[in-house]
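Report on the structure given below.
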Amino acid sequence: MAQAKLQPVRGTHDLLPADCRRHRAVTDATRAVAERYGYGEIATPIFEFTEVFSRPLGETTDVVTKEMYTFVDRGGDSLTLRPENTASVVRAVISNGLFNELPLKYHYAGPMFRYERPQKGRQRQFHQIGVELIGPSEPEADVEVIAMGADVLADLGLADRVTLEINSLGDPASRAAHRAALVAYLTPQAERLSPDSRARLARNPLRILDTKDEGDRRMLDGAPRLDQFLNSESTAFFAAVRRGLDRLRIAHAVNPRLVRGFDYYTHTAFEFVTEHLGAQGTVIGGGRYDGLVAQLGGPDTAAIGWAGGIERLAMLLAVEPPAPRAIALVPIGDDAEARAQELAHGLRRAGFVIDLGYRGNVRRRMKRANKIGAKAALIIGDTELAKGIATLRDLTTGDQSEVPLDGLAGALGAYR
RNA sequence: GCGGGUGUAGCUCAGGUGGUUAGAGCGCCAGAUUGUGGAUCUGGAUGUCGCCGGUUCAAGUCCGGUCACUCGCCCCA
């Protein structure tokens, strides 16, 4: 380190070309799957008025109370960098008055921001892919959305590294009844709860269900369970979702402790989880959010969706996505040097990947061609120019041949 | 916000109990090969030892602080 290090902001990272290729693998797979399901891409601003997030996420959730990047702009408005994308998408649907075009089917990819302590698979600027299906209240919609997640993971080659967990939070009435029973059960023995869970008892009691504290877990053995409080509609809905998954042969396990942090979730909650990422095992998480549209001021509208962490998915990829392999142009001498640029331009216009090294002798340029993984080297010196040809060296086999400069693109067809 | 670990070359890391010019492998540069990569050999460059302060005749090494990274908790993708 020759000088004081210029650091990126904590929790942010530069994505160098190899990192970008991994991210691209994830976003390309998502886009391809989403388009097969008839979902169109949507891009909303990365910041919104603060209320867009603070209202629907729940004033008591950690994301709102301590993790938002909120600032006042020069006009005096309180703005927030989006901590997640669902609220923004719903806001866009309301802003654009799209409710006579239901169902709406969207997918997206982009950066999100949360002021958290970074650790493996967690950053302050991170990237998510996601899908939203707005309108249908039928369980088939839940099945479709979950199937899309499974397809993305399968296309990324992650099917055997990830499992699907699912649960139902029920409709608002079921959820409220369970909450009341849970608080009634835990309050008398609150002193024995861990400090974290004691705080959650008042703030967000549902979250106590997935505590990692051993003592808490023992106390929860006799606690009211979510599924005992589902009313008949909620029970039937959950059963229909599960039947649909079975029909599509999408393996899933019911996890009664699976709950979602954001207040707007109802009914189905699900996560695709992995054992391979340490403490942050969730790679895709989502659920039904029937109350959100109305909460943001739109008409009462059902909706379901999920978001996936691009960094987490990229870390799981078993194979490094390959860089495009070039043809390296190796000119020798001033005449060839002048000609190389022109040739490179023509070949690039014809669809070839061409690398120019700009300096060094033949040996040095051949070394570079090898290092960047070029398929072939096209050597042009005075000898070649005099004969109107180029020397083509296949860098995989080492075979060398002559190709005419006239109609070069045709002669290089195999290396496109 | 809380707890643990770690900061030495571009990268991965050695450097018992303080003691001259701080090392290795990989990578990089040059040469062996005036127009031919991968393999081999030879040579070379590169460090405010994260930063600030303290103890000491002497600090990469000990002490304090600070910053960063990392793993975990909370929470989440």
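Lettering of chains follows the sequences in order, A, B, ..., and the numbering in each one begins at 1.
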*asked:* Can you confirm whether more than 12 heavy atoms, excluding those of R21(A), are under 6.0 Å from its CZ atom?
replied: yes

*Is the number of heavy atoms from other residues, nucleotides or ligands under 6.0 Å of E320(A) CD greater than 12?*
yes

For atom [atom1] of [X] and atom [atom2] of [N], their distance in whole Å:
X: E271(A); N: rC75(B); atom1: CD; atom2: C1'; result: 12 Å
X: L258(A); N: rC75(B); atom1: CG; atom2: P; result: 14 Å
X: L81(A); N: rA77(B); atom1: CG; atom2: P; result: 17 Å
X: H23(A); N: rA77(B); atom1: NE2; atom2: C1'; result: 12 Å
X: E116(A); N: rC71(B); atom1: CD; atom2: P; result: 14 Å
X: L316(A); N: rA77(B); atom1: CG; atom2: P; result: 16 Å
X: Q119(A); N: rG1(B); atom1: CD; atom2: P; result: 15 Å
X: R312(A); N: rC75(B); atom1: CZ; atom2: C1'; result: 10 Å

Could you work out the separation of [N] and [M] based on their [atom1] atoms and round it to a whole Å?
N: rG1(B); M: rU56(B); atom1: C1'; value: 40 Å
N: rU55(B); M: rG44(B); atom1: C1'; value: 40 Å
N: rC63(B); M: rG5(B); atom1: P; value: 13 Å
N: rC13(B); M: rA58(B); atom1: P; value: 34 Å
N: rG31(B); M: rC71(B); atom1: C1'; value: 47 Å
N: rG25(B); M: rU40(B); atom1: P; value: 14 Å
N: rU12(B); M: rG27(B); atom1: C1'; value: 11 Å
N: rC51(B); M: rC11(B); atom1: C1'; value: 23 Å

*What residue among V52(A), L296(A), T44(A), N85(A) forms side chain to side chain contact (heavy atoms under 4.5 Å, CB included) with V90(A)?*
L296(A)

*From the options I166(A), L164(A), D151(A), select the one residue that forms a side chain to side chain contact (heavy atoms under 4.5 Å, CB included) with I250(A).*
L164(A)

Return the pairing partner of [N] with a 3.5 Å limit on both distances, Watson-Crick or G-U wobble; otherwise return none.
N: rU42(B); answer: rA30(B)
N: rA14(B); answer: none
N: rG1(B); answer: rC73(B)
N: rU20(B); answer: none
N: rU55(B); answer: none
N: rU6(B); answer: rA68(B)
N: rU61(B); answer: none

*Kindly indicate whether the side chain of L102(A), heavy atoms from C-beta on, has any atom under 4.5 Å from the side chain of L104(A).*
yes

*asked:* Which is more 5' along RNA chain B, the nucleotide nearest G121(A) or the one nearest R10(A)? Just name the residue.
replied: R10(A)

*asked:* Both V283(A) and H13(A) contact RNA chain B. Taking the nearest nucleotide for each, which residue is further toward the 5' end?
replied: H13(A)

*Of the candidate nucleotides rA77(B), rC73(B), rA30(B), which contains the atom at the shortest distance from the side chain of R117(A)?*
rC73(B)

*Residues in side chain to side chain donor-acceptor pair (under 3.5 Å) contact with K387(A), at least two apart in sequence or another chain*: E402(A)

*Distance-only donor-acceptor test, R114(A) side-chain atoms vs rA77(B) base atoms, 3.5 Å*: yes

*For I129(A), report the nucleic acid contact type (base, sugar-phosphate, nothing); a contact means any heavy atom under 4.0 Å.*
nothing

*Heavy atoms under 4.0 Å, any strand shown: does N361(A) hit a base, just sugar-phosphate, or nothing?*
sugar-phosphate

*For residues H107(A) and Y39(A), establish whether the separation of their ring centroids is below 6.0 Å.*
no

Collect all protein-nucleotide pairs involving nucleotides 36-39 of chain B in which both atoms are nitrogen or oxygen and the distance is under 3.5 Å.
from	atom 1	to	atom 2	distance (Å)
rU36(B)	O2	Q400(A)	OE1	3.3
rU36(B)	N3	Q400(A)	OE1	3.2
rU36(B)	N3	Q400(A)	NE2	3.2
rU36(B)	O4	Q400(A)	NE2	3.1
rG37(B)	O2'	N370(A)	ND2	3.3
rG37(B)	N7	R393(A)	NE	3.1
rG37(B)	N7	R393(A)	NH2	3.0
rG37(B)	O6	R393(A)	NE	3.3
rG37(B)	O6	R393(A)	NH2	3.0
rG37(B)	N1	L395(A)	O	2.8
rG37(B)	N2	N370(A)	OD1	2.9
rG37(B)	N2	L395(A)	O	2.5
rG37(B)	N3	N370(A)	OD1	3.1
rG38(B)	OP1	K367(A)	NZ	3.0
rG38(B)	O4'	N370(A)	ND2	3.1
rG38(B)	O6	R393(A)	NH2	3.4

*Search all heavy atoms of V254(A) against all heavy atoms of F238(A) and return the closest pair with its distance.*
CG2-CZ, 4.2 Å

*Cation over ring face, R124(A) and Y115(A), 6.0 Å, 45°*: yes

